[in-house]
Amino acid sequence: MQFDARAAKLLQPGKHIVVDGCPGLRLVASTQGRAWVYRYKSPVDSLMRQVKLGQWPAMAAGMAATRWQEVKDLRDAGQDPAQAKKDTRKAARASVYTVGHAVDDYITGHLATNREPRGAKAVAARLRTATAEIAKMPAAGVTRGVAFELINSLADRPVLAKSVRNELGGAWDLALDAGRLAA
């Protein structure tokens with residue numbers, strides 16, 4: 001494998017250098033920097049794909065060749081590395097514990113067992129409606145300011161605001177006790 005660092009440094013945005021001895025491995029220049037990219041034909045659908053391996057110079061040429069070999073072995077085994085990367089990101093997003101998850105856990109774990117069915121149903125509806133705007137937000141990312149804004153948006157209905165504040169606090173306590181949120 002031959003790699004010329006001087007040529008890489010002079011590489012203009014939109015251009016690339018093909019690395020000899022590593023088919024499909026190239027150093028691609030953009031306005032943000034230079035990145036190692038592996039271009040290949042997908043074994044799944046025969047379309048051209050590419051997957052970013054790392055940034056140059058943080059990832060040296062030898063490290064890029066090693067990473068290229070790992071990804072190439074995946075492709076040779078019949079897997080699509082770009083699709084595998086997408087699936088991993090999608091699974092990571094799906095596993096994020098959101099405000100909606102915390103509210104649902106509270107409804108099923110506390111309200112359904114500790115309240116009369118009619119009251120539990122009413123509180124569940126109020127809580128879901130009040131938290132609809134932030135339901136997809138990661139629960140770990142909810143700050144006191146976010147909670148304050150949510151409660152403050154209900155200030156014109158003080159009884160509802162107080163109920164949502166208390167029930168949301170209960171949902172947070174349950175999530176903390178269950179270990180789904182860090183203290």
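Because only heavy atoms are used, hydrogens play no part in the values below, and waters and symmetry mates are left out as well, while side chains stay in.
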Atom pair CH2 (W68) and CZ (R75), whose distance is rounded to the nearest 0.5 Å
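Spacing of CH2 (W68) from CZ (R75) equals 9.5 Å.
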
Distance (rounded to the nearest 0.5 Å) between R180 CZ and W172 CH2:
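Between atom CZ of R180 and atom CH2 of W172 there are 13.0 Å.
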
Before you tell me yes or no, could you show the steps for I134 and T98 under side-chain contact (heavy atoms from CB on, under 4.5 Å), namely the whole-Å CA-CA distance, both residues' side-chain angles and the distance that decides it to 0.1 Å?
CA-CA 9 Å; I134 62 169; T98 64; over 6 Å; no

Hey, are the side chains of [X] and [Y] touching, using non-hydrogen atoms and a 4.5 Å cut-off?
X	Y	result
R26	I17	no
L27	H16	no
L154	R157	yes
Q79	P43	no
D105	Y97	yes
L25	V37	no
Y40	P81	yes

For residues [X] and [Y], report the shortest heavy-atom separation together with the two atoms involved.
X	Y	answer
C22	A65	SG-CB, 4.2 Å
A130	V164	CB-CG2, 3.6 Å
S153	D156	O-OD1, 3.8 Å

Within the distance-only criterion (no hydrogens, no angle test), does the side chain of [X] pair as donor or acceptor with the backbone N or O of [Y] below 3.5 angstrom?
X	Y	result
T129	R126	no
S163	V159	no
T143	V146	yes

Could you check I107 against R128 for side-chain contact (heavy atoms from CB on, under 4.5 Å), going step by step and ending with a plain yes or no?
CA-CA 10 Å; I107 290 167; R128 281 192 176 119; 3.6 Å; yes

Surrounding CD of Q83 (heavy atoms of other residues, nucleotides or ligands, distance under 6.0 Å), is the total greater than 12?
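Enclosed: over 12 neighbouring heavy atoms sit under 6.0 Å from CD of Q83.
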
Throw together a table of side-chain donor-acceptor distances under 3.5 angstrom for residues 46-62, partners on residues two or more places apart or in other chains.
residue	atom	partner	partner atom	Å
R49	NH1	D80	OD2	2.2
R49	NH2	D45	OD2	2.7
K52	NZ	Q55	OE1	2.9
Q55	NE2	R34	O	3.3

Answer yes or no: is there an ion pair linking R115 with E167, defined by an N-O contact shorter than 4.0 Å?
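Salt bridge: yes.
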
Do Y106 and D173 pair up side chain to side chain, a donor and an acceptor below 3.5 Å, judged on atom types alone?
no

Answer yes if V44 and V71 sit in the same cluster of Ile, Leu, Val, Met, Phe, Trp and Tyr residues linked by side chain heavy atoms under 4.5 Å apart, and no otherwise.
no

Any chain of hydrophobic side-chain contacts (each under 4.5 Å) joining L174 to L176?
yes

One pair to check against side-chain contact (heavy atoms from CB on, under 4.5 Å): K86 and R89. What are the steps and the verdict?
CA-CA 5 Å; K86 282 182 187 177; R89 278 193 305 238; 3.6 Å; yes

